[in-house]
Engineer: 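Structure incoming, see below.
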Amino acid sequence: MDPVPQSHAQPASAFRRAPVQQRSAERLARILDTCAELLDETGYEQLSTRAVAARAGVPIGSVYRFFDNKRAMVAALAHRNLDRYAERIAAHLAATADPDPHAAIDGVLDEFIAMKRTVPGFALVDFGVPAAEETGEGAAEDPNTLVAERICDLLAAHLGRPADETLRRKVRVGVETADTLVRLAFRAVPEGDPAVIDETRQLLHAYLAPSLS
């Protein structure tokens, strides 16, 4: 069997055992795809590893081969979402010849909105386990910190400027603000309230663009 391509491998910390062979990677992808589907149907509290195994058509032991529990499984899904979001931003920026800060900000926001609308499970689990602080399941990574770091590095490289401490702080504030406002937009309207999304865009342009120039 072929080894798993490194560009598609999840962080080892997300798993009990990281996939080595292509067949294992495909089974893991099926488990995570099924987890995302069931999150949309049942929510996080009702999600179970047994239900995921049954829907995915794999033995329950295959799920536990990768994950200690459902929280670890959902955390791996969140890591995958972040990797795919970063890939989408990178592709969007690469397709933009003019390094314009406003266009770069639009790309970051538009890809997030598109994932909210189209990616299974993303409405509930974007980049972190929901309500981890209240479940008693242990300390969680701060997903917005991870998101801000990835976005900052991508924007700095695209715009040809250093990812210094000021830019990292600005992007972190922008991520926190956008996260709150986008949640508001999708709480009000299933496809996202366009007026709230537009307000979010204007706010990010006004706050971030001067720091990206």
Side-chain angles (χ1 to χ4, degrees), residues 7 11 36 39-40 44 74-75 77-134 140-213:
S7 61
L39 280 167
D40 281 339
Y44 178 73
V74 173
L77 177 64
H79 276 289
R80 189 177 75 168
N81 285 342
L82 179 54
D83 285 343
R84 290 181 173 178
Y85 180 47
E87 290 168 3
R88 291 172 69 131
I89 293 173
H92 189 111
L93 295 178
T96 306
D98 181 18
D100 173 53
H102 292 86
I105 291 168
D106 285 343
V108 171
L109 179 61
D110 290 343
E111 293 300 338
F112 185 47
I113 297 296
M115 290 184 76
K116 280 282 189 185
R117 288 172 174 163
T118 63
V119 174
F122 195 83
L124 183 60
V125 174
D126 43 28
F127 309 120
V129 180
E133 298 82 2
E134 291 120 26
E141 292 176 301
D142 178 9
N144 281 346
T145 297
L146 301 178
V147 174
E149 288 173 354
R150 298 286 285 275
I151 290 174
C152 184
D153 289 340
L154 288 166
L155 288 176
H158 176 67
L159 297 171
R161 57 147 299 157
D164 55 26
E165 191 59 33
T166 297
L167 182 61
R168 292 192 181 279
R169 184 177 64 253
K170 292 281 189 178
V171 171
R172 176 61 192 275
V173 171
V175 165
E176 292 286 352
T177 303
D179 182 42
T180 299
L181 292 176
V182 170
R183 289 180 189 276
L184 172 62
F186 279 82
R187 190 164 66 241
V189 178
E191 288 298 306
D193 185 332
V196 175
I197 291 171
D198 185 58
E199 294 285 351
T200 304
R201 191 182 309 277
Q202 292 182 51
L203 188 152
L204 292 175
H205 282 181
Y207 178 72
L208 276 180
S211 300
L212 294 172
S213 301

Engineer: What's the spacing between H92 NE2 and L109 CG if we round to 0.5 Å?
Structural biologist: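 Answer rounded to 0.5 Å: 10.0 Å.
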
Engineer: Return the minimal non-hydrogen interatomic distance between R117 and G192, and the atom names on each side.
Structural biologist: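 That closest heavy-atom pairing would be NH2-O, 4.2 Å.
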
Engineer: Please round to the nearest 0.5 Å and tell me the distance separating atom CG of L181 and atom CZ of R187.
Structural biologist: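 Between atom CG of L181 and atom CZ of R187 there are 10.0 Å.
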
Engineer: Looking only at heavy atoms, which two atoms of A178 and L204 are closest? And how far apart?
Structural biologist: CB-CD1, 4.1 Å

Engineer: Going by heavy atoms in the side chains, are L39 and L77 under 4.5 Å from each other?
Structural biologist: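 Yes; the side chains approach each other to less than 4.5 Å.
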
Engineer: Parallel under 30°, tilted from 30 to 60°, perpendicular over 60°: which one fits the rings of F127 and F112?
Structural biologist: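 Judged by the thresholds at 30° and 60°, the geometry between F127 and F112 is parallel.
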
Engineer: Grab the two heavy atoms, one from A185 and one from I197, that are nearest each other, plus how far apart they are.
Structural biologist: CB-CG1, 4.0 Å

Engineer: Would you mind reporting whether H102 and L212 have side-chain heavy atoms less than 4.5 Å apart?
Structural biologist: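 L212 vs H102: side chains apart.
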
Engineer: Give me the atom names and distance for the closest heavy-atom approach of H205 to D106.
Structural biologist: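 Minimum heavy-atom contact is NE2-OD1, 2.8 Å.
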
Engineer: With rounding to the nearest 0.5 Å, note down the distance linking CE in M115 to CZ in F122.
Structural biologist: 4.5 Å

Engineer: Specify the closest pair of heavy atoms between V119 and R88, including all atoms of both residues, with the distance to one decimal.
Structural biologist: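 Closest approach of V119 to R88, heavy atoms only: CG2-NH1, 4.3 Å.
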
Engineer: E165: what forms a side chain to side chain donor-acceptor pair (under 3.5 Å) with it, not counting sequence neighbours?
Structural biologist: none

Engineer: Which heavy atom in N81 sits nearest to a heavy atom in V125, and how many Å separate them?
Structural biologist: ND2-O, 2.9 Å

Engineer: Could you pull out all donor-acceptor pairs under 3.5 Å where a side-chain atom in residues 144-157 meets a protein atom, sequence neighbours excluded?
Structural biologist:
from : atom 1 : to   : atom 2 : distance (Å)
N144 : ND2    : E176 : OE1    : 3.0
N144 : ND2    : E176 : OE2    : 3.4
N144 : ND2    : D179 : OD2    : 3.4
T145 : OG1    : D142 : OD2    : 2.7
T145 : OG1    : R172 : NH1    : 2.8
R150 : NH1    : D83  : OD1    : 3.3
R150 : NH2    : D83  : OD1    : 3.2
D153 : OD1    : R168 : NH1    : 3.4
D153 : OD1    : R168 : NH2    : 2.7

Engineer: Report the C-alpha distance between D126 and Y85 in whole Å, list the side-chain angles of each, state the deciding distance to 0.1 Å, and finish with yes or no for side-chain contact (heavy atoms from CB on, under 4.5 Å).
Structural biologist: CA-CA 10 Å; D126 43 28; Y85 180 47; over 6 Å; no

Engineer: Can you tell me how far CZ of R161 sits from OG of S211, rounded to the nearest 0.5 angstrom?
Structural biologist: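 Going from OG on S211 over to CZ on R161, the span is 7.0 Å.
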
Engineer: Given side chains that start at C-beta, do those of P130 and V74 come closer than 4.5 Å, heavy atoms only?
Structural biologist: yes

Engineer: Rounded at 0.5 Å granularity, tell me how far CD1 in I113 sits from OG1 in T118.
Structural biologist: 11.0 Å

Engineer: What distance separates Q202 CD from I105 CD1, expressed to the nearest 0.5 Å?
Structural biologist: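 It comes to 12.5 Å.
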
